[in-house]
K.L.:
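Take a look at the following structure, please.
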Amino acid sequence: MGIYEGKTVIITGGGYSVLDDGRCGAIGFGLARAFAKEGANLVITGRNVKKLEDGKAELEKNYGARVLALQADVNPSPESERRVHEVVDATIKEYGRIDVLINNAQASASGVPLAEHTREQFDLGIYSGLYATFFYMRDCYPYLKETKGSVINFGSGAGLFGNADQASYAAAKEGIRGLSRVAATEWGKDGINVNVICPLAWTEHLDSFEKEYPEAFVANVHMPPMGHYGDAETEIGRVCVQIASPDFKYMTGETITLEGGMGLRP
């Protein structure tokens with residue numbers, strides 16, 4: 001029996017993605033696998049319906065997890081806010097509780113200099129990341145308060161270090177860090193654990209970034225000191241399993257940087 005047996009975990013951006021060697025090709029799906037192995041009931045969201053359906057099929061077949069796969073795309077449309085509310089309502093209807101919220105989903109126009117960004121490109125980063133995180137946190141709050149649950153949000157070195165050609169992505173990620181700190185301050189009295197991690201894993205997205213924007217990749221993506229990129233499931237996923245557990249409450253409000261999926265720095 002896993003440590004999340006009977007508990008419910010929402011993971012945004014959790015659709016199926018696997019690299020050629022069988023490892024998870026996206027952080028969100030790596031998280032889903034890690035929590036599935038611990039017995040969690042899962043809700044995975046994303047924009048791509050097929051990836052969600054494929055992810056649900058694998059998680060149920062290989063790990064016996066209960067999985068609710070819900071399409072949700074947060075964008076400037078007024079329907080986005082309503083859709084997040086529907087996802088939360090569907091979660092409660094299916095499982096009756098929310099124990100962990102992981103805001104992983106993020107799209108961006110990486111590789112575009114700040115002065116060349118269009119309004120549409122900037123909106124893509126801010127809505128898919130910052131607004132989505134805000135909507136999910138706000139709507140999940142009463143249920144997380146009931147379970148004294150956990151929130152894990154995703155920052156990035158792009159914001160921490162000001163990576164060139166990643167203006168909207170960096171802005172969204174730094175906004176998420178600020179939002180998380182406020183939530184940790186306000187929700188600590190409710191027993192809700194709020195943390196931010198800044199991981200670097202080799203994913204399909206990073207592989208595409210290297211191919212489409214090689215100069216920006218070389219300038220901004222550096223091999224971690226450990227000599228390898230993090231594994232989405234066995235390193236980053238397992239760290240999130242630990243952070244979200246009740247035993248990790250003492251770290252509430254801290255920002256944790258994951259160097260290559262290996263080391264924690266509080």
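Keep in mind the model is a prediction, meaning the values are calculated, not measured.
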K.L.:
How many angstroms lie between atom NZ of K56 and atom NZ of K61, to the nearest 0.5 angstrom?
P.N.:
15.0 Å

K.L.:
With a 4.5 Å limit on heavy-atom distance, are the side chains of E116 and P113 in contact?
P.N.:
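Yes - at least one pair of side-chain heavy atoms lies under 4.5 Å apart.
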
K.L.:
Is the number of heavy atoms from other residues, nucleotides or ligands within 6.0 Å of CZ (R83) greater than 12?
P.N.:
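Enclosed: over 12 neighbouring heavy atoms sit under 6.0 Å from CZ of R83.
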
K.L.:
Write down the atom of E58, the atom of Y16, and the distance for their closest heavy-atom approach.
P.N.:
OE1-CE1, 3.3 Å

K.L.:
Inspect the contact between E38 and R238 and indicate whether a charged nitrogen and a carboxylate oxygen are less than 4.0 angstrom apart.
P.N.:
yes

K.L.:
Please check if the side chain of T133 supplies one atom and the backbone of I176 the other of a donor-acceptor pair under 3.5 Å.
P.N.:
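A pair under 3.5 Å: no.
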
K.L.:
What heavy-atom pair brings A201 and I27 nearest, and what distance separates the two atoms?
P.N.:
CB-CG1, 4.1 Å

K.L.:
Looking at N193 and I243, what are the two nearest heavy atoms and their distance?
P.N.:
ND2-O, 3.0 Å

K.L.:
What are the two closest heavy atoms between S17 and F29, and how far apart are they?
P.N.:
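Closest heavy-atom pair between S17 and F29: O-CD2, 3.6 Å.
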
K.L.:
Test your reading of the model: is there a side-chain donor-acceptor pair from S128 to the backbone of V74, 3.5 Å cut-off?
P.N.:
no

K.L.:
Indicate yes or no for a side-chain donor-acceptor contact from S168 to the backbone of S108 under 3.5 Å, with no hydrogens or angles considered.
P.N.:
no

K.L.:
Output the distance between atom CD1 (I44) and atom CG (L31), rounded to the nearest 0.5 Å.
P.N.:
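Here the interatomic distance stands at 11.5 Å.
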
K.L.:
For residues V18 and I11: do they belong to one hydrophobic cluster (side chain heavy atoms under 4.5 Å, members Ile, Leu, Val, Met, Phe, Trp, Tyr)?
P.N.:
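Linked within one cluster.
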
K.L.:
Keeping the roles fixed (side chain from K173, backbone from F154), state whether a donor-acceptor pair exists under 3.5 Å.
P.N.:
yes

K.L.:
Check D231 against T234 and note the closest heavy-atom contact, atom names and distance.
P.N.:
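Taking every non-hydrogen atom into account, OD1-N, 2.8 Å.
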
K.L.:
Look only at the side chain of Y95 and the backbone of R66, and say whether a donor-acceptor pair between them is shorter than 3.5 Å.
P.N.:
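Such a contact is found between Y95 side chain and R66 backbone.
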
K.L.:
Step by step, would you call N41 with Y4 a side-chain contact (heavy atoms from CB on, under 4.5 Å)?
P.N.:
CA-CA 8 Å; N41 298 321; Y4 286 92; over 6 Å; no

K.L.:
Looking only at the side chains, is there a donor atom on one of S180 and N153 sitting less than 3.5 Å from an acceptor on the other?
P.N.:
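Looking only at side-chain atoms, N153 and S180 do form a donor-acceptor pair, the distance falling under 3.5 Å.
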
K.L.:
Provide the closest heavy-atom pair for V49 versus Q71 in the form atom of the first, atom of the second, distance.
P.N.:
CG2-CG, 3.6 Å

K.L.:
Taking C-beta and beyond as the side chain, do R181 and V194 meet within less than 4.5 Å on heavy atoms?
P.N.:
no

K.L.:
Would the distance check show the side chain of K189 and the main-chain N or O of E186 forming a donor-acceptor pair, the cut-off being under 3.5 Å?
P.N.:
yes

K.L.:
Is it true that the side chains of D165 and N163 contain a donor and an acceptor less than 3.5 Å apart?
P.N.:
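No pair is found: no donor N or O on one side chain lies under 3.5 Å from an acceptor on the other.
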
K.L.:
Answer yes or no: is there an ion pair linking K50 with E53, defined by an N-O contact shorter than 4.0 Å?
P.N.:
no

K.L.:
Which of these, V84, D89, T91, L101, sits in a side chain to side chain contact (heavy atoms under 4.5 Å, CB included) with D139?
P.N.:
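The side chain to side chain contact (heavy atoms under 4.5 Å, CB included) with D139 is passed solely by V84 among V84, D89, T91, L101.
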
K.L.:
Between E81 and R138 (salt bridge meaning N to carboxylate O under 4.0 Å), is one present in this structure?
P.N.:
yes

K.L.:
Students often mix this up, so state it plainly: with edges at 30° and 60°, are the rings of Y131 and F135 parallel, tilted or perpendicular?
P.N.:
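Tilted.
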
K.L.:
Have N75 and S80 got a donor and an acceptor in their side chains that come within less than 3.5 Å?
P.N.:
yes

K.L.:
Return the CG to OG1 distance between L124 and T118, rounded to the nearest 0.5 Å.
P.N.:
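One gets 9.0 Å once the value is rounded to the nearest 0.5 Å.
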
K.L.:
Supply the atom-to-atom distance Q166 CD to H117 NE2, rounded to the nearest 0.5 angstrom.
P.N.:
9.5 Å

